[in-house]
Amino acid sequence: KEQKKDKEREKVKHSNSEHREHSDKKHRDKDKVKNFDGSGERHREKQDKDKRREEKVCFLKIRFFSGIVFEENNQIKPRPFLNMLKTYDGCILFRFEYKPKKIKTENGKKLKKRKQEYEDEEEDIKPKKTKDKKAGAESKKVKKEPEEKWKWWEEERATDGSKWRFLEHKGPVLAPPYEPLPGHVRFFYDGKPMKLSAAAEEVATFFAKMLDHEYTTKDIFRKNFYKDWRKEMTSEEKSKITDLTKCNFTEMSEYFKAQSEARKQMSKEEKLKIREENERILQEYGFCVMDNHKERIGNFRIEPPGLFRGRGDHPKMGMLKRRIRPEDIIINCSKDSKHPKPPQGTRWKEVRHDNKVTWLVSWTENIQGSIKYIMLNPSSRIKGEKDWQKYETARRLKKCVDRLRAQYRDDWKSKEMRIRQRAVALYFIDKLALRAGNEKEEGETADTVGCCSLRVEHIKLYPKMDDQEYVVEFDFLGKDSIRYYNKMPVEKRVFKNLQLFLENKQPEDDLFDRLNTSILNKHLQELMDGLTAKVFRTYNASITLQQQLKELTSPEESIPAKILSYNRANRAVAILCNHQRAPPKTFEKSMQNLQTKIDEKQKQLSTARKQLKGAKTEHKASHGDGSKKMVEVKRKAVQRLEEQLMNLQMQATDREENKQIALGTSKLNYLDPRISVAWVKKWDVPIEKIYNKTQREKFAWAIDMAEEDYEF
DNA sequence: TAATGGACTTAGTATACCTTAC
DNA sequence: GTAAGGTATACTAAGTCCATTA
């Protein structure tokens with residue numbers, strides 16, 4: 001059994017690493033990984049090695065592999081983390097099932113002391129806050145205290161579909177008008193300087209600003225840009241400028257670079273002035289009054305003009321995103337409120353009073369023709385209520401998920417093709433947390449898919465793969481053109497169904513040709529009120545966090561170790577939801593810095609240990625009070641260093657594991673915050689360690705209402 | 001029933017800002 | 001005081017899902 005388990009682990013690890021390698025972004029950093037593994041530093045390490053042997057201290061670099069595995073019984077079961085111990089030479093010693101590392105179990109006294117330390121830390125923050133508030137009040141930044149603490153979650157909700165009764169705001173902040181370039185900054189065509197009209201020049205500056213970006217080398221980008229740029233040119237310019245490759249924007253580009261450099265070099269006073277001006281704008285336009293409460297607006301600035309930057313292979317990249325004028329803007333507010341004024345000499349497109357919607361301002365953008373909105377901040381009542389509701393729906397799903405799973409398993413045997421397809425798709429959504437996958441207009445956006453829009457070319461079936469049967473390999477681009485790659489053994493019936501769905505189809509044909517999101521959601525709605533495909537993602541994410549926290553947290557651990565456990569649980573969810581990020585540009589460097597710190601700490605520790613040994617010897621000889629004290633002092637120093645070293649090592653592990661995984665998205669959108677709040681309360685971890693200020697504001701409702709016994 | 005429009009959530013990245021180390 | 005590094009925030013694209021229209 002053990003051997004089999006080991007093999008399985010090996011495989012998951014393999015598929016995980018393959019997953020990493022498949023992604024283009026990740027590919028770039030492959031070699032760098034090796035470096036962190038030790039090859040880059042090997043020389044120096046070898047020099048240190050003998051020394052360490054002498055000291056007989058065996059420090060190990062720890063790296064963890066994480067992932068999700070799915071059990072046969074059709075229940076999603078997050079896999080416990082595996083870890084691997086590596087020596088400094090980079091060779092693997094052994095691998096074992098993850099057990100939270102014990103960090104010199106703290107005795108009660110120590111634990112108390114640490115708690116006290118954290119409390120002190122908090123104390124440190126608190127007075128500052130009050131100071132800030134005072135300062136704020138003095139500089140007449142009128143922030144009404146009681147409103148900050150408004151507990152909307154204790155109030156009743158409207159049931160008539162109206163979103164508000166009163167709404168007043170100042171309207172949007174428009175993009176600043178175009179400032180023509182100074183005379184000395186020139187544009188060259190075919191090697192000769194050429195003065196452009198203001199309109200053409202503005203669009204040219206958009207391109208110039210992006211010159212360093214890979215985008216500007218792409219054919220589609222250049223084509224789209226050139227086409228739209230020409231529209232802004234005078235007829236004279238049009239006839240002169242006929243070839244983009246003959247355009248030279250470098251002087252413009254240099255100018256902007258110099259400007260941004262100059263901005264960085266500004267004096268303190270100048271910077272302060274800008275900051276104050278921003279603060280003033282925020283105070284004036286950043287808030288609205290909704291039903292007697294001052295609420296923060298999310299995005300009160302109209303998007304400035306520029307070149308459209310789609311994600312992935314977007315057919316519209318490089319197109320001109322035009323400037324939004326007051327005449328394009330619809331204002332939404334109460335009839336009886338003070339209406340926002342358009343700039344002098346202009347008018348709004350429309351002022352309406354629709355309290356069935358939550359937006360304050362809207363306009364239609366010209367790239368896709370879709371509507372953009374100005375809405376409230378996530379900390380607002382209107383967003384918070386919706387968020388809370390979302391998690392309540394997911395909790396209702398928890399209650400009936402067994403029934404639903406039994407149902408879709410049953411449907412795999414249906415006589416009707418459409419039902420079988422629906423059931424298999426739902427199985428994927430449930431098990432792999434895939435998105436619903438709406439149809440998209442071809443040629444309008446990047447070619448990405450979700451579950452219902454999967455095509456034949458996106459999956460491969462393997463009746464047998466290594467020692468596993470019925471393996472499905474997924475490989476497609478999902479939202480934001482992020483690659484989803486996974487291999488999963490499925491039940492025989494699912495496999496047979498998939499084979500059936502693939503019969504007589506071309507690679508570009510739909511896998512589920514009798515299914516779309518509307519059909520699927522209609523079916524889900526019948527199974528549970530308010531159920532849609534995306535509820536499964538929320539449910540599976542939250543339940544995974546709860547399970548993982550239970551599994552990974554051990555009571556005797558220190559706070560940093562607990563935080564590592566929390567991050568790991570969070571990470572399990574991020575992996576499930578395929579939330580990836582490009583590895584930070586400075587990743588390797590910062591990792592090396594951390595390693596240097598660890599090395600230093602180790603040296604300090606070994607010195608401290610030697611000193612302790614010496615002190616002990618001395619004490620044995622003298623039996624004096626002074627020498628006894630010295631032993632104590634040295635012992636404490638060793639302890640402190642050990643602790644610091646552990647923390648550094650934990651930090652390194654955390655960061656390494658997080659290299660290309662983004663935790664933020666799941667934390668903000670998928671994890672019921674009450675689970676985290678309950679965990680924090682249960683283990684006396686300061687909430688600041690898992691939620692920053694903004695997150696605490698967003699989740700104020702959960703922080704206030706969840707107790708340590710909260711169950712999702 | 002399919003297409004379209006509208007409102008809202010979810011998403012990754014660029015940049016501003018803050019902290020730390022020197 | 002300043003540069004480096006890390007974190008928070010701003011930004012806006014890209015999804016989901018529901019309602020309406022053709």
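Chain letters run A, B, ... following the sequence lines, proteins first and then strands; every chain starts at 1.
Put simply, CG on A/D387 is 8 Å from P on B/dT9, counting in whole angstrom units. With rounding to whole Å, A/K440 atom NZ is found 14 Å from C/dA13 atom P. The distance from atom CZ of A/F476 to atom P of C/dA14 is 17 Å, rounded to the nearest whole Å. The distance from atom CZ of A/R301 to atom C1' of B/dA16 is 12 Å, rounded to the nearest whole Å. Between the CG atom of A/L663 and the P atom of B/dA11 there is a distance of 13 Å, given to the nearest Å. Between A/D480 atom CG and B/dT10 atom P there is a gap of 14 Å when expressed in whole angstrom units.
Within the 4.0 angstrom heavy-atom criterion, no nucleotide atom of any strand lies near A/P378. When heavy atoms are screened at a 4.0 angstrom cut-off, A/Y373 is found touching base atoms of the nucleic acid. Within 4.0 Å of A/K667, counting heavy atoms only, lies no atom of the nucleic acid at all. Residue A/R537 is classed as a sugar-phosphate contact, given heavy-atom separations below 4.0 Å to backbone atoms only. A/R435 comes within 4.0 angstrom of the backbone, heavy atoms only, and of no base. Note on A/K522: nothing from the nucleic acid sits closer than 4.0 angstrom, heavy atoms only. A/A446 comes within 4.0 angstrom of nothing in the nucleic acid, heavy atoms only. Among the heavy atoms of the strands, none lies under 4.0 Å from A/S362. Within the nucleic acid shown, A/G437 comes within 4.0 Å of sugar-phosphate atoms alone, with no base atom in reach, counting heavy atoms only. Among the heavy atoms of the strands lying under 4.0 Å from A/T358 are primed sugar atoms or P, OP1, OP2 only; no base atom is included. When heavy atoms are screened at a 4.0 angstrom cut-off, A/N438 is found touching base atoms of the nucleic acid.
Looking only at distances, no side-chain donor or acceptor of A/E365 sits under 3.5 Å from a matching main-chain atom of A/K372.
Between A/N299 and A/Q695, the one whose closest nucleotide on DNA chain C sits nearer the 5' end is A/Q695. In terms of position on DNA chain C, the residue among A/K372 and A/N692 whose nearest nucleotide sits closer to the 5' end is A/N692.
Side-chain contact, A/E385 with A/Q389: no donor N or O sits under 3.5 Å from an acceptor N or O. Side-chain contact check for A/E688 and A/N692: no donor-acceptor pair (N or O, by modelled atom type) lies under 3.5 Å. Counted by atom type alone, A/Y391 and A/R674 present zero donor-acceptor pairs between their side chains at under 3.5 Å.
For the pair A/F536 and A/L531, the minimum side-chain heavy-atom distance is below 4.5 Å.
In the interface, the side chain of A/K479 is paired with the base of B/dT10 through a donor and an acceptor atom under 3.5 Å apart.
Of the candidate nucleotides C/dA13, B/dT10, C/dC18, C/dA13 has the atom nearest to the side chain of A/E303. Taking the side chain of A/T665 as heavy atoms from C-beta on, and the options B/dA11, B/dT13, B/dT10, the nearest nucleotide is B/dA11.
Checking each of A/F474, A/Y484, A/Y408 against A/F428 for a ring-ring contact (aromatic ring centres under 6.0 Å, His included) leaves exactly one that passes, namely A/F474.
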